[in-house]
Amino acid sequence: MTWALPHLLIVPVILPLLSAVIMLLIGSERGRSKSIVNVLATLAGLLVALEILRRVDGSGGSGVIGVYLAANWEAPFGIVLVADRLAALMLVLTGVVSLGAALYSMAGWGRAGVYFHPLFQIQLMGLNGAFLTGDLFNLFVFFEVALAASYGLQLHGSGPTRVRSGLHYLAINLLASSLFLVGLAMIYGVMGTLSMADVAAKLPHVVEADRGLLHAGVAILAVAFLTKAAMWPLNSWLVPAYLSASAPVAALFALMTKLGIYTLLRLWTLLFSADAGPSAHFGGPLFLYGGLATIGFGVLGLMATLKLGRIAGFSIIVSSGTLLAALGFGAVSVTSAALYYLLSSTLAASALFLLVELVERTRNGEPEPLREVDLEPGEDTNLDDDEAPLVGRAIPVSLALLGVAFIACALLVAGLPPLSGFIAKFSIMAAIVSPPGYGAPSVPTSIAWGLFGLLLLSGLVATIGMSRAGIRHFWTEADQPPQIKVAEAVPVLALIIVCVWLTAQAEQVMRYTHATARSLHAPTAYIDAVLSTRPIPGPTRPNIDGGGAP
Amino acid sequence: MSLIVLLLLPFLGSLVTALLPTRARNMLASWAGLVSAGAAAWVISLFPHVRDGGVIREEISWIPSLGLDLVLRVDGFAWMFAGLVTVLGALVSLYSRYYMSPEDPVARFYASFLAFMGAMLGVVLSGNLIQLVLFWELTSLFSFLLIGYWYHREDARRGARMALTITGAGGLALLGGVILLGQIVGSYDLETVLASGDLIRTDPRYPAALVLILLGVFTKSAQFPFHFWLPRAMAAPTPVSAYLHSATMVKAGVFLLARLWPALSGTDLWFWLVGGVGVTTLLIGAYVAMFQNDLKGLLAYSTISHLGLITLLFGLNSPLAAVAGVFHIMNHATFKASLFMAAGIVDHETGTRDIRRLNGLLRAMPITGTLALVASAAMAGVPLLNGFLSKEMFFAETVFLKSRPWIEIGLPAAATLAGIFAVVYSLRFGYDIFFGPPSTDLPREPEEPPRWMRIPVDLLVFACLVVGIIPSMSIGPFLAEAARPVVGGVLPAYSLAVWHGFNAPFIMSLVAVAGGIVGYLILRRYQERGLLLATPLVSRLNSKRMFERTLAWFARLSNKTLRVVGTDRLQPQMFVIIAVALLLGFLASQTVPLVWGDRARLPTSPAFVLLWVTGIVCAIGAAAQAKFHRLVALTLLGGVGLVTCLTFIWFSAPDLALTQLAVEVVTTILFLLGLRWLPMRLETALPRLTWRDRGRRTRDLLLAIGTGSGLAALSYAMLTRPATQSISPFFLSRSLPEGGGANVVNVILVDFRAFDTLGEISVLSAVALTVFALLRRFRPPEESIGETSQQQALHAETDTDLVSPRVARDAGRGYLMVPMVIARMLMPVAVIVAVHLLLRGHNAPGGGFVAGLAIAIAFLIQYLVAGTHWVELRTKLRPARWISLGLLYAAATGLGAVVIGYPFLTTHTPHFTLPLVGEVHIPSATFFDLGVFGVVVGATLLILTALAHQSTRAHRRRTSPPDTSESRGAA
Amino acid sequence: MRLFAKVLPAPLLSAALLALWLMLARSTSIDQVILGLILALGVPLLTTSLRLNNVRVRRPLVVIRFILMVGYDVLRSNLEVARGVLTWGWRQPKARFVLIPLELNDPVGLAALSMVTTVVPGTVWSELARDRSVLMLHAWDVTDETAFVARFKARYEKPLREIFE
Amino acid sequence: MEALLALVIGVLGGAGVWLVLRPRTFQVILGLALLSYAVNLFIFSMGSLVIDQPPIVKPGVAPTLDQYTDPMPQALVLTAIVIGFATTALFLVLLLASRGLTGTDHVDGKEPS
Amino acid sequence: MSPLLSGAIVFALGCYAVASILVLVRLVRGPRAQDRVLALDLLYLHGMLVMLVLGIQYGNDTYFEAALLIAVFGFVSSSAMAKFILRGEVIE
Amino acid sequence: MTAQVPFWVEVVVSVLLVLSGIFVVISAVGFLRLQDFFLRMHPPALAYTFGSWCVTLGAILYFSMQEGRLQLQPWLIIIMLSITVPVTTLLLARAALFRRRIAGATDTPPPLRSRQPPGMP
Ligand code: NA
Ligand code: NA
């Protein structure tokens with residue numbers, strides 16, 4: 001394992017922090033320079049993430065697991081940062097989405113309140129840290145970092161709606177954080193360690209009498225993550241919070257639920273793999289049924305609303321449900337497909353959130369309809385009505401562009417061809433019904449069929465919802481073309497282009513996700529890499545012994 | 001690479017179109033025509049390659065691991081369809097040039113049109129089933145854009161949406177079916193699938209796969225009960241209808257039926273599903289078509305009927321029927337396209353499509369009229385026209401079918417009945433509008449259309465005639481090549497002669513024509529009397545209306561359900577989260593029975609018990625008082641905090657005790673600052689408790705008790721179990737020699753787990769910045785904007801000592817004089833204490849957190865006694881700067897290690913030898929702690945002073961009367 | 001001299017801080033003394049705007065005598081009030097508000113007075129007139145108000161005036 | 001002692017939960033505060049109750065868990081206390097903002113109908 | 001440590017605890033806010049005394065840091081409350 | 001470092017602790033049972049002074065003897081306490097007066113007036 005730049009792993013955490021500090025030092029004016037710093041720092045973060053990904057993927061095959069001992073203390077005693085394929089993938093995803101959001105916010109979005117850009121960077125720091133850390137409590141800390149910044153970003157601009165939903169968002173997250181701590185404490189109490197790899201290594205050998213306590217702790221911990229990952233019935237907070245947030249923030253928030261998913265994926269594959277003895281596959285059914293229920297909930301939401309922002313929110317819930325259910329299968333092929341789906345759905349949701357703002361700008365001042373649902377049409381309008389001329393309307397260029405972007409987002413969200421949303425859905429469906437012995441899940445067929453059907457249904461309902469909303473926003477009397485700044489259009493298009501790239505390069509991406517899934521489901525390499533990394537001998541630590549747990 | 005270019009050609013054409021000027025209709029039409037004609041020529045030129053069962057196949061690797069590669073595959077059948085798609089595309093392009101109004105910005109039209117053509121080509125050229133689904137859904141998408149082209153019209157919007165919903169849904173079902181098929185076969189490759197018919201038909205998943213695929217087919221081909229979107233789609237411009245609803249979009253369904261015929265057909269399920277749906281659609285479509293008054297409506301229902309016919313043919317499980325199906329696909333495309341175009345010409349020239357208003361048009365437009373009449377005759381199945389041939393084959397198939405008796409009788413009867421209906425509606429289309437006395441009240445004076453507009457119709461009708469008269473010479477070879485792959489490579493014996501003798505099918509044709517004419521006359525009679533204007537029997541059964549209703553009902557139902565399973569209220573959400581955690585925690589803890597451990601218990605100390613009696617009473621009191629007596633609750637909360645702090649110190653956690661104490665102080669001030677802006681709650685102002693409230697409270701109380709018990713049980717179990725393993729001895733043994741500090745907790749915070757601490761100060765910073773940002777926009781409650789009641793009560797007294805530091809120039813007067821002296825006396829002391837805590841932290845209780853809080857408290861005392869104004873006149877605190885410098889400092893300490901080649905945050909303990917002092921050890925962790933200190937000071941002060949500033953802001957906002965006495969007093 | 005005032009603006013305070021530091025450090029080792037000196041010099045400079053300035057304390061002997069006297073009073077009053085509490089059922093002290101005209105005007109002196117009234121049980125500092133001319137105390141047991149006022153002024157106000165004014 | 005501490009954690013947690021489920025923002029914030037006491041004590045209780053063995057290493061004393069209490073939970077609690085303080089502050093300000101903007105102290109920003 | 005001193009320590013701790021309970025009654029009963037604030041202030045004092053006695057009991061001076069912190073900053077919360085009662089506003 | 005403390009020291013310290021305990025309880029009893037707020041403000045002083053001085057003194061004595069040199073740190077505590085306690089009591093007394101006056105209580109003296117008309121030197 002050769003890391004030409006030994007400190008590369010720390011950069012995704014430190015770079016945002018330092019950028020935030022610089023922006024704080026720049027002062028309260030000079031919004032322009034701050035937003036430029038913001039974009040540059042985010043871009044640099046993306047480049048670093050890409051480099052990490054390149055190195056982690058290495059020469060293909062089993063890949064390389066990068067381990068960084070923060071403060072030079074070996075696991076399980078100190079905090080380690082671990083970059084495996086999954087972490088690298090999440091870093092890159094974060095980089096792409098955040099770059100989009102940062103570019104978008106260049107169009108004056110930072111002016112709606114103070115400290116937008118520093119909080120943005122702190123949010124990135126939290127996300128990156130959470131993806132990289134190999135320590136449970138450190139995970140909590142970075143969750144809190146990301147959340148603390150997200151509170152500020154969600155409330156950015158203030159106003160009754162934001163404050164109301166922000167209060168709920170905060171209260172629920174504080175509660176979830178309490179659960180996080182309780183679960184964490186119990187894991188420490190039983191296992192005597194906080195390093196995820198160490199917990200995983202020791203878990204098969206837990207004293208039988210303690211296993212109940214350990215499971216209770218893990219279950220409580222899971223509730224915290226499931227709340228953040230928006231599993232029904234723990235997810236009512238999501239739509240209002242995301243809906244009220246400003247566009248770039250909502251786009252960034254598309255990552256926040258994925259953080260919950262990531263954590264579940266990481267911990268469950270690591271801790272409760274097939275090697276975990278009596279605890280193997282602990283909690284799998286919960287994810288399955290919870291995921292199905294969550295998709296169902298999302299489908300209801302998509303069906304019940306005309307509002308584009310809500311559609312975007314519920315589509316996030318659907319994608320959370322899909323990912324949770326996929327996680328519940330605990331099979332390499334499903335996990336691999338789910339990872340691809342995660343990429344596509346996150347990018348799509350972010351693009352959609354950015355787009356929603358621009359689209360709703362076209363309906364400036366128009367009152368919302370009284371009813372959320374569309375009612376039946378009046379008596380059949382005569383096809384031959386002379387009043388409405390048979391002459392089309394010219395669509396202004398900006399609106400046409402938005403329209404194209406909207407269609408792309410709709411296709412992505414609904415999982416319709418030809419974009420990556422389709423590939424993702426297809427690959428999940430193909431994986432869950434694949435015959436046993438074909439890298440196949442050991443899940444009851446009825447569940448697999450249920451998920452299969454729900455995936456189709458959610459696609460249909462998303463199509464209905466998106467077309468309804470699209471008609472309402474685009475096929476309407478546009479008094480004047482919407483004013484869109486380049487900085488706002490570019491990120492939307494860029495995110496869509498990334499999805500197009502995902503589509504075109506699906507084979508390469510899936511090779512990567514498949515390798516990721518394979519190593520996730522065989523966590524020994526991860527555990528070994530973490531526990532065998534030794535610190536650098538130094539003046540205070542002249543002789544590094546064999547280490548390992550006492 | 002020819003096929004991929006062929007496939008891309010329309011899409012590229014579409015892109016170019018989108019970039020062309022939006023109103024340059026000549027250029028746009030020429031371009032579209034050129035592209036489609038080019039594609040058509042290309043396709044036609046491929047015929048030699050597909051002759052005699054030849055197949056052209058091109059593969060582009062895309063996602064081989066998923067079995068999804070781009071496979072372009074042209075066999076006879078695909079070739080025939082590709083020909084239809086491109087040739088008709090070229091004709092429609094030409095036609096549209098004249099049909100669309102000069103004012104219409106047609107760039108969007110042609111762009112969507114070409115893209116649709118590309119998608120359709122993609123469907124027919126697909127050699128991979130998933131790829132087929134992909135293009136299939138694209139046709140739905142582009143047809144949506146085309147149908148909704150005139151989106152300013154309500155009918156266009158609704159029609160487009162309905163089409164998308166139905167066909168999109170079908171496409172998803174198709175995807176499901178195809179995936180199953182792929183799982184059965186082990187490949188999505190068309191050839192493999194087609195070769196695995198027996199494997200498929202015997203697989204247990206066959207029914208599911210078949211149903212799903214048929215859902216796709218039926219929705220796309222407007223089969224009953226999904227037929228209703230098609231008439232609605234007539235809101236599209238007529239060229240679109242001519243293209244989509246004759247030759248392409250709706251034919252995609254039957255295309256797939258034919259395509260997968262070798263793999264899926266041949267079972268009873270197939271027969272019943274496909275045949276049953278086909279015959280139903282055939283009859284219903286024809287029946288409804290008879291009563292249509294809109295030209296396009298009539299054509300739409302007749303299309304439905306003909307599609308039903310084709311479906312039925314494929315459903316009969318007979319190769320000959322399949323050939324007939326293929327043949328009818330071609331014939332129907334020809335005459336129906338020409339009919340749509342004719343209807344469009346009529347509409348274009350007269351301004352209406354109402355059959356009742358249109359009469360005797362033959363005089364005004366003799367050529368168009370003749371063409372339309374010939375085409376409608378083909379539709380009716382009149383001999384010497386192409387429609388007759390395929391219909392004759394159809395009749396023959398129904399007659400020679402071997403099945404149950406009632407089917408052997410019923411099917412020919414149904415076919416004949418449908419034939420009668422077809423004659424009736426063809427007569428309505430042809431005779432009703434072109435004969436009789438010419439209309440006088442038309443919106444426009446009718447005349448022949450421009451010559452080029454008619455040319456496509458000319459060509460199509462010519463084709464109808466040629467095929468109808470010399471079938472085997474004209475269409476014969478093409479039909480053979482098209483049908484061969486459908487029936488699996490071996491064509492059944494059939495003859496394309498016009499005259500097969502006086503057999504049963506011919507009798508059926510005669511009956512149909514005769515019956516049709518009679519039927520038409522009867523219908524006409526009735527309608528002249530004002531009867532039978534709407535479709536009898538089924539007019540109540542308006543499925544498109546039902547569709548809309550169902551959709552709306554679903555939306556409403558979802559909304560209602562959503563309100564039950566989700567909520568926008570906080571309380572139920574919190575309840576659910578806690579309840580789920582409790583439940584899951586309980587269930588999980590039962591993995592093995594929960595038992596208490598046998599670790600030696602600590603002897604109980606009575607004093608400690610009494611202290612916690614105090615704590616518990618405070619906690620319960622706070623819970624009880626929080627609603628109406630906030631200050632009381634706050635006081636009680638302070639009691640809880642104190643006892644917690646005592647617990648920490650009692651059980652060997654001095655660091656925690658210190659921090660908890662300092663946090664208590666700051667939190668109390670914080671709460672009090674907040675209470676200033678919370679108007680009083682009056683206990684009497686509330687209605688009495690209802691039973692529902694009581695129920696809710698009981699429920700909450702139970703959950704609270706449950707959670708409390710759960711927490712207690714878990715902690716007791718943890719407290720009593722013998723500790724088996726822990727990483728902590730490592731910290732204890734390395735703290736001093738390697739971490740350079742005796743206080744292990746502090747060494748953990750600034751060394752072993754310094755990374756946590758870095759995150760933690762980031763949290764603190766982010767929260768402080770958020771609070772500041774939020775308070776910048778703070779709007780206090782109406783009731784609290786003014787002075788507090790205490791302050792108002794004082795206005796009567798001028799000589800009071802209760803002066804407000806806000807207005808006083810010298811805060812050291814009045815009741816705050818003594819506190820201020822004490823506070824100012826304390827300031828340097830506090831600094832010393834803080835420095836002490838900070839520096840000693842590494843070896844004894846203390847550290848950056850508590851030191852920072854101490855400094856912050858010292859400043860807060862100043863604010864408290866002297867007021868914001870006074871303090872900020874004398875010092876510039878700049879808490880944000882403290883935060884940023886603190887963060888920078890902490891990060892820089894960490895990066896210092898990187899500079900000398902160690903991981904981030906590695907600590908070093910340099911040793912200096914100073915004169916007088918001797919050897920000095922300064923662990924770099926102490927510097928890190930200094931950063932922590934800075935952030936804590938800054939964040940605490942930023943939060944609290946921002947809140948405190950609200951008072952001064954509120955007072956600045958209203959023009960307060962100057963305190964005259966004070967200004968004099970200070971003079 | 002000016003330089004001296006700049007470097008050591010409050011020598012008394014600096015001395016107190018040094019003592020405080022050494023007490024906190026529980027050590028009189030050379031490094032702690034040096035550190036204490038740095039702090040004792042630096043902290044007053046740092047906190048100039050927020051600490052007491054121009055405090056002058058005269059007559060150290062009076063100070064010591066005063067502290068001892070207060071200490072004695074504290075002990076005596078403690079017993080008195082404790083007895084009062086324990087015998088509350090039989091004999092209730094004559095508690096009342098007492099107005100004390102004040103000549104002491106120095107804020108620090110007044111603060112010291114407030115500390116004295118607080119630490120001595122039986123007196124509660126209740127209100128000070130705005131111009132510092134009258135002080136209202138709540139006293140635990142006052143039979144003769146004039147005597148109480150006279151004693152209070154003599155025992156506490158007078159020494160404080162001597163020290164601070 | 002162990003039973004007492006467990007009882008205390010239970011009572012604090014229960015009272016916190018009760019308050020967190022109440023409709024008024026001030027009740028909720030007090031509830032969250034009580035809950036964080038409970039959680040902090042809970043984490044603390046993972047390290048077993050030890051008297052007079054603070055984790056401050058003394059020369060000549062074996063660095064084992066028999067001689068010192070477990071420092072790790074303390075470090076975790078310390079972090080949790082600080083984060084808890086920060087979030088409490090944020091919640092407070094948010095509830096004030098909500099009260100000002102919506103005119104009610106109900107957690108949903110509107111009085112229940 | 002002799003039994004005498006340990007007995008005295010137990011006695012003193014018990015006294016503080018009993019006193020805290022008595023003060024708690026006032027804290028809960030009030031009747032007015034000033035009573036409660038004073039009660040809280042006294043509780044803090046008792047807490048400080050407990051810490052000092054524990055310090056003697058275990059011969060460990062780390063307990064004094066906490067006691068000192070109460071002595072220096074313990075008054076702040078009760079003072080702030082008192083000011084709140086008096087002015088309705090803590091920082092003006 | 002930790003030497004055995006002479007017995008007489010233990011006796012003295014014990015007495016001090018017992019005294020402190022007794023006084024603290026008395027102060028609490030007084031605080032609880034006295035009827036009027038201003039009366040209730042007196043007993044706490046017992047705890048603030050005698051109660052804490054005894055313990056502090058005991059601690060100084062004990063630790064000084066134990067470690068063989070003067071340990072004055074506990075002394076800081078009573079100094080700090082004496083400095084800071086007045087702030088709370090003073091504000092509380094003032095608040096009580098204020099609230100009683102607002103409520104119109106008859107047993108409360110009127111606000112103090114300055115001798116000179118306000119504002120005159
Ligand atoms: Na007519
Ligand atoms: Na007193």
Side-chain angles (χ1 to χ4, degrees), chain B residues 605-611 613-614 617-618 621 631-632 634-636 638-639 642-643 645-646 649-650 654 657-658 661-662 664-665 668-669 672-673 675-676 787-791 802 804-806 815 819 826 829-830 833 837 844-846 850 854 857 860-861 863-864 867-868 944 948 951-952, chain E residues 9-21 23-25 27-28 30 33 35-41 43-44 46-48 50-51 53-55 58 60-70 72-92:
Chain B
S605 152
F608 191 73
V609 174
L610 287 179
L611 281 176
V613 170
T614 314
V617 170
C618 282
L631 190 62
V632 177
L634 194 57
T635 322
L636 291 165
L642 176 69
V643 182
C645 167
L646 282 174
I649 200 140
W650 200 292
L658 289 182
L661 262 174
E664 280 303 316
V665 172
T668 307
I669 299 176
L672 289 170
L673 284 170
L675 281 187
R676 160 70 179 86
E787 289 190 317
T788 63
S789 58
Q790 288 95 325
Q791 291 163 2
L802 297 177
S804 166
R806 190 161 45 239
Y815 77 114
L826 220 51
V829 174
V833 170
L837 289 169
V850 62
I857 293 171
L860 287 172
I861 299 171
Y863 272 91
L864 206 78
T868 314
L944 277 90
S951 286
T952 48
Chain E
I9 285 170
V10 171
F11 177 79
L13 286 177
C15 283
Y16 301 151
V18 168
S20 295
I21 295 283
V23 166
L24 172 72
V25 176
L27 178 60
V28 173
D35 289 291
R36 300 180 206 271
V37 174
L38 191 52
L40 183 65
D41 201 46
L43 276 185
Y44 264 88
H46 295 166
M48 190 196 86
V50 167
M51 289 174 190
V53 173
L54 286 176
Y58 299 121
N60 194 329
D61 53 12
T62 53
Y63 294 88
F64 291 116
E65 309 286 339
L68 182 69
L69 213 62
I70 291 189
V72 179
F73 295 121
F75 80 102
V76 180
S77 16
S78 42
S79 300
M81 285 180 175
K83 187 167 183 220
F84 185 78
I85 297 170
L86 182 58
R87 299 289 295 162
E89 201 159 39
V90 190
I91 296 179
E92 291 182 71

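Any value given below was found using the heavy atoms of this structure, including those in side chains, with hydrogens, waters and symmetry copies removed. First the proteins, then the strands, lettered A, B, ... as listed; each starts at 1.
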Can you tell me how far the [atom1] atom of [X] sits from the [atom2] atom of [Y], to the nearest 0.5 Å?
{"X": "B:Ile857", "Y": "E:Phe75", "atom1": "CD1", "atom2": "CZ", "result": "9.5 Å"}
{"X": "E:Phe73", "Y": "B:Leu658", "atom1": "CZ", "atom2": "CG", "result": "11.5 Å"}
{"X": "B:Leu642", "Y": "E:Leu43", "atom1": "CG", "atom2": "CG", "result": "6.0 Å"}
{"X": "B:Leu631", "Y": "E:Ile85", "atom1": "CG", "atom2": "CD1", "result": "5.5 Å"}

Side-chain heavy-atom pair [X], [Y] within 4.5 angstrom cut-off:
{"X": "E:Tyr16", "Y": "B:Leu611", "answer": "no"}
{"X": "E:Glu89", "Y": "B:Ser951", "answer": "yes"}
{"X": "B:Glu664", "Y": "E:Tyr44", "answer": "yes"}
{"X": "B:Val632", "Y": "E:Arg36", "answer": "yes"}
{"X": "E:Arg87", "Y": "B:Thr788", "answer": "no"}
{"X": "B:Leu610", "Y": "E:Val18", "answer": "yes"}
{"X": "B:Trp650", "Y": "E:Met51", "answer": "no"}
{"X": "B:Leu837", "Y": "E:Leu69", "answer": "yes"}

Side chain, backbone, both or neither of B:Val850 within contact of chain E (heavy atoms, under 4.5 Å) = side chain
Check each atom of B:Leu826 against the heavy atoms of chain E and say whether the ones under 4.5 Å are side chain, backbone, both or neither.
-> side chain
For residues B:Leu672 and E:Ser77, report the shortest heavy-atom separation together with the two atoms involved.
-> CD1-O, 4.5 Å
Using non-hydrogen atoms and a 4.5 Å limit, figure out which bit of [X] sits close to chain B: side chain, backbone, both or neither.
{"X": "E:Leu54", "value": "side chain"}
{"X": "E:Ala66", "value": "both"}
{"X": "E:Val90", "value": "both"}

Using a cut-off of under 4.5 Å on heavy-atom pairs, state which of B:Val613, B:Leu675, B:Leu944, B:Ile669 scores highest against chain E.
-> B:Leu675
N/O donor-acceptor pair under 3.5 Å between B:Gln791 side chain and E:Gly88 backbone | no
